[in-house]
Amino acid sequence: MDFDLVVRGGTIVDGTGRPGVRGDVGMRDGRIVAVGEAKGSAAQTVDAGGLVVAPGFIDVHTHYDAQVMWDRMLTISPWHGVTTVVMGNCGFGVAPTRPDHRGLIMRTLEKVEGMSLAALEAGLGEKWPFETFPEYLDAVERRGTALNVAVLLGHTPLRLYVMGEEATERAATGDEIARMRALVREAIDAGAIGFATSKASTHIGYAGKPVPSRAAQFAEIEALARSTGRPVTWTALLAGMMGPGSHRELLEKSRALIKQGLQVVPQVTCRTLNFEFQFKEPFIFESMSVFKPISVADFAGKLRLYGDPDFRRAFKESFDRPKKGAVFAGLSWARTWISWYPPDPSLEERTVDEVAAERGVHPIDLALDLALSTNLDARFRMAVFNHDEADVAELLAEPGAVLGLSDAGAHASQLCDACFSTYLLSRWVREKQAIALPEAIRMLTSRPAEVFGITDRGRLAPGLAADVVVFDPATVGASKLRRVHDLPAGADRLVADASGIEAVIVNGTIVRRGGRDAVAADGALPGALLRNGRARAASQ
């Protein structure tokens with residue numbers, strides 16, 4: 001055979017931003033060997049007549065670090081045309097981790113990334129097959145994945161590994177920084193694609209303590225990053241983060257840094273950040289000082305505090321009159337829906353503001369009363385940021401930005417933006433016609449590859465990895481979210497189905513065809529571990 005696989009007769013949009021052209025893409029030994037015309041025989045053929053043929057999509061902001069140890073398919077990313085993911089974002093991860101710190105790491109992921117502790121415990125098991133970061137990379141590579149995986153070294157597990165539980169409390173000593181530097185070097189030598197940290201006030205870890213990276217002084221971060229000249233990408237530039245129009249001020253600050261010659265790249269997203277929450281885990285409010293006692297309270301303590309008039313009074317004062325620049329300044333009960341309330345389903349999909357006005361009560365009293373009446377099981381969905389599409393359009397048009405913040409693998413029961421790729425193609429390309437298709441494909445492929453140093457993917461060109469997605473531009477899209485219980489220990493998550501994705505190809509192997517898996521989750525899988533942004537040669 002001349003080719004292992006040929007995608008024939010589609011409109012090739014190669015990821016560079018150039019207009020599409022009709023032609024074939026031929027693949028052999030996991031590489032693209034022909035673009036435009038692929039004469040000869042093929043072991044497999046995909047008829048792409050009337051369809052678009054593009055590079056596989058790259059998701060640079062995922063949290064599959066734990067999930068990869070029980071879900072080799074990395075669902076739901078491949079459903080939506082994603083062929084490469086970057087894990088370890090926001091400074092979080094599962095390595096390096098000492099055996100006696102595993103519980104702390106899992107409880108940190110539970111708090112800051114909304115992961116089910118029961119799912120983590122069941123999925124990771126008692127004996128983790130790694131302790132150090134290089135051992136973690138080896139474990140991921142040994143298990144195999146459907147998609148290509150690149151991993152950032154997280155500052156939080158690194159700090160905990162060196163400093164123990166004091167990592168949440170204090171600055172590091174010179175000796176501790178030196179030890180962390182050595183581990184960063186070890187991780188980069190092993191194949192880490194970069195280093196990730198967080199100073200976000202919303203990142204509250206176990207026992208209500210700030211995550212370890214937040215206790216780091218700037219000198220520590222500078223010592224670990226070592227002024228390498230590599231790009232710095234920050235998460236996330238969202239509309240409405242600190243009130244109406246605040247994204248423009250942040251854009252100007254980012255542009256000023258770029259003008260100085262610095263490679264500073266804000267991550268933007270094409271979707272409204274809809275956050276579904278219960279007051280048993282009130283993540284979006286935990287940066288408010290009034291919620292500190294909630295963060296450390298057990299379940300009974302939460303119930304007592306939510307019913308306490310003094311707590312409610314303080315919550316209302318903080319929420320109704322936020323300090324300028326507060327992360328929660330843009331939150332609104334008018335954009336908060338009651339999404340699940342079994343005692344009275346007629347309230348579902350109505351806003352908290354609307355129902356509170358009908359009953360003549362403050363929205364916070366209504367929300368807390370509904371929560372308490374269901375033992376904190378009632379669910380609410382808040383459009384936190386990016387709810388104004390005119391503002392989002394400005395962010396998506398920013399040339400210095402990169403698409404990110406899907407958070408795939410995190411906040412599983414609270415949100416699902418792993419479908420960002422198909423949403424971009426349906427909402428912003430087909431429906432709004434705000435972004436031309438070749439530019440949208442570039443935003444999903446070569447641009448993230450460029451920013452993250454993924455050197456042999458993101459474009460359709462001979463010699464590059466054969467990561468390809470074939471889709472119907474007339475039907476591609478993401479469904480409404482639905483709740484499933486398919487995580488370990490029966491834990492739930494939100495998922496979105498994809499439409500119009502005909503084939504997803506990873507390193508020359510079809511992993512999805514016609515909306516179904518084309519490889520067995522327990523069999524050989526084609527994904528590669530991208531050490532320092534590139535797969536190892538077969539001979540290595």
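Heavy atoms only: backbone and side chains are in, while hydrogens, waters and symmetry mates are out. As the structure is a prediction and not an experimental result, all values here were calculated from the model.
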State whether the side chain of Arg483 and the backbone N or O of Ser413 hold a donor-acceptor pair below 3.5 Å, judged by distance alone.
-> yes
Which pairs pass salt bridge (charged side-chain N to carboxylate O under 4.0 Å, His left out) with one or both residues in residues 206-224, sequence neighbours excluded?
-> Arg159-Glu220, Glu169-Lys209
Hey, what do you get for OG1 (Thr351) to CH2 (Trp333), rounding to the nearest 0.5 Å?
-> 11.0 Å
Could you tell me whether Arg107 and Glu110 have a side-chain N and a carboxylate O separated by less than 4.0 Å?
-> no
Which pairs, with at least one residue in residues 399-411 and sequence neighbours excluded, count as a side-chain hydrogen bond (donor to acceptor under 3.5 Å, both in side chains)?
-> Asp59-Ser406, His61-Asp407, His63-Asp407, Glu113-His411, His411-Gln414
Are the side chain of Asp417 and the backbone of Phe420 linked by a donor-acceptor contact shorter than 3.5 Å?
-> no
Does NZ or CZ of Arg98 lie under 6.0 Å from the centre of the six-membered ring of Tyr161, at an angle within 45° of the ring axis?
-> yes
Counterpart residues, side-chain contact (heavy atoms from CB on, under 4.5 Å), relative to Ser332 (two or more places apart) = Ala334, Arg335
Between Asp189 and Arg185, is there a side-chain N and carboxylate O pair less than 4.0 Å apart?
-> yes
Under the 3.5 angstrom rule, does the side chain of Asn386 hit a backbone N or O of Ala239 as a donor-acceptor pair?
-> yes
Contacts of Ala412 meeting side-chain contact (heavy atoms from CB on, under 4.5 Å) (sequence neighbours excluded), chain-then-number -> Leu487, Arg493
Gap between atom CG of Leu147 and atom CG of Asp467 - 0.5 Å precision = 9.0 Å
Thr75 backbone acceptor or donor facing Asp71 side chain under 3.5 Å = yes
What pairs with Arg170 under salt bridge (Lys or Arg N to Asp or Glu O under 4.0 Å), at least two apart in sequence or on another chain?
-> Glu166, Glu176
Would you list the pairs meeting ring-ring contact (aromatic ring centres under 6.0 Å, His included) in which at least one residue belongs to residues 211-251, sequence neighbours left out?
-> none
Ser318 side chain to Phe315 backbone, donor-acceptor under 3.5 Å = no
Please list all pairs passing the salt bridge (charged side-chain N to carboxylate O under 4.0 Å, His left out) test where one or both residues lie in residues 257-268, with sequence neighbours left out.
-> none
With a 4.0 Å cut-off, would you call Arg531 and Asp138 a salt bridge?
-> yes
Out of curiosity, Thr145 OG1 to Met69 CE, how far, rounded to the nearest 0.5 Å?
-> 11.0 Å
What distance separates Arg457 CZ from Asn148 CG, expressed to the nearest 0.5 Å?
-> 4.0 Å
Taking side-chain contact (heavy atoms from CB on, under 4.5 Å) as the test, write out the residues that go with Asp320, two or more places apart.
-> Lys316, His362
State, without any angle test, whether His80 and Ser421 hold a side-chain donor-acceptor pair at a distance under 3.5 Å.
-> no
Is the side chain of Trp428 donor-acceptor paired with the backbone N or O of Cys270 at a distance under 3.5 Å, no angle test?
-> yes
Under the side-chain contact (heavy atoms from CB on, under 4.5 Å) test, which residues partner Ala122, sequence neighbours left out?
-> Pro488, Ala489
Under a 4.0 Å N-O cut-off, is there an ion pair linking Lys111 with Glu281?
-> yes
Can you tell me how far OG1 of Thr108 sits from CG of Leu160, rounded to the nearest 0.5 angstrom?
-> 7.0 Å
According to the ring-ring contact (aromatic ring centres under 6.0 Å, His included) rule, which pairs have a member within residues 167-205, sequence neighbours left out?
-> Phe92-His203, His155-Phe195
Any side-chain heavy-atom pair of Val268 and Leu238 under 4.5 Å = no
Give the ring-plane orientation class for Phe277 versus Phe279, where under 30° counts as parallel, over 60° as perpendicular and anything between as tilted.
-> perpendicular
So salt bridge (charged side-chain N to carboxylate O under 4.0 Å, His left out) across residues 237-250, not counting sequence neighbours, yields Arg248-Asp391, Arg248-Glu394, Glu249-Lys253
Between Ala95 and Phe133, what is the shortest heavy-atom contact and its length?
-> O-CD1, 3.7 Å
Atom CG in Leu370, atom CG in Asp377: separation rounded to 0.5 Å?
-> 12.5 Å
Sequence neighbours left out, what passes salt bridge (Lys or Arg N to Asp or Glu O under 4.0 Å) with Arg72? Give chain and number order.
-> none
Does Tyr136 use its side chain to pair, donor to acceptor, with the backbone of Thr97 at less than 3.5 Å?
-> no
With a 4.0 Å cut-off, would you call Arg536 and Asp456 a salt bridge?
-> no
State, with a plain yes or no, whether a side-chain heavy atom of Pro99 is found less than 4.5 Å away from one of Glu131.
-> yes
Can Arg271 be said to sit on top of Tyr423's aromatic six-ring, NZ or CZ under 6.0 Å from centre and within 45° of the ring axis?
-> yes
Check for a donor-acceptor pair, side chain of Gln267 on one end and backbone N or O of Thr235 on the other, with a separation under 3.5 Å.
-> no
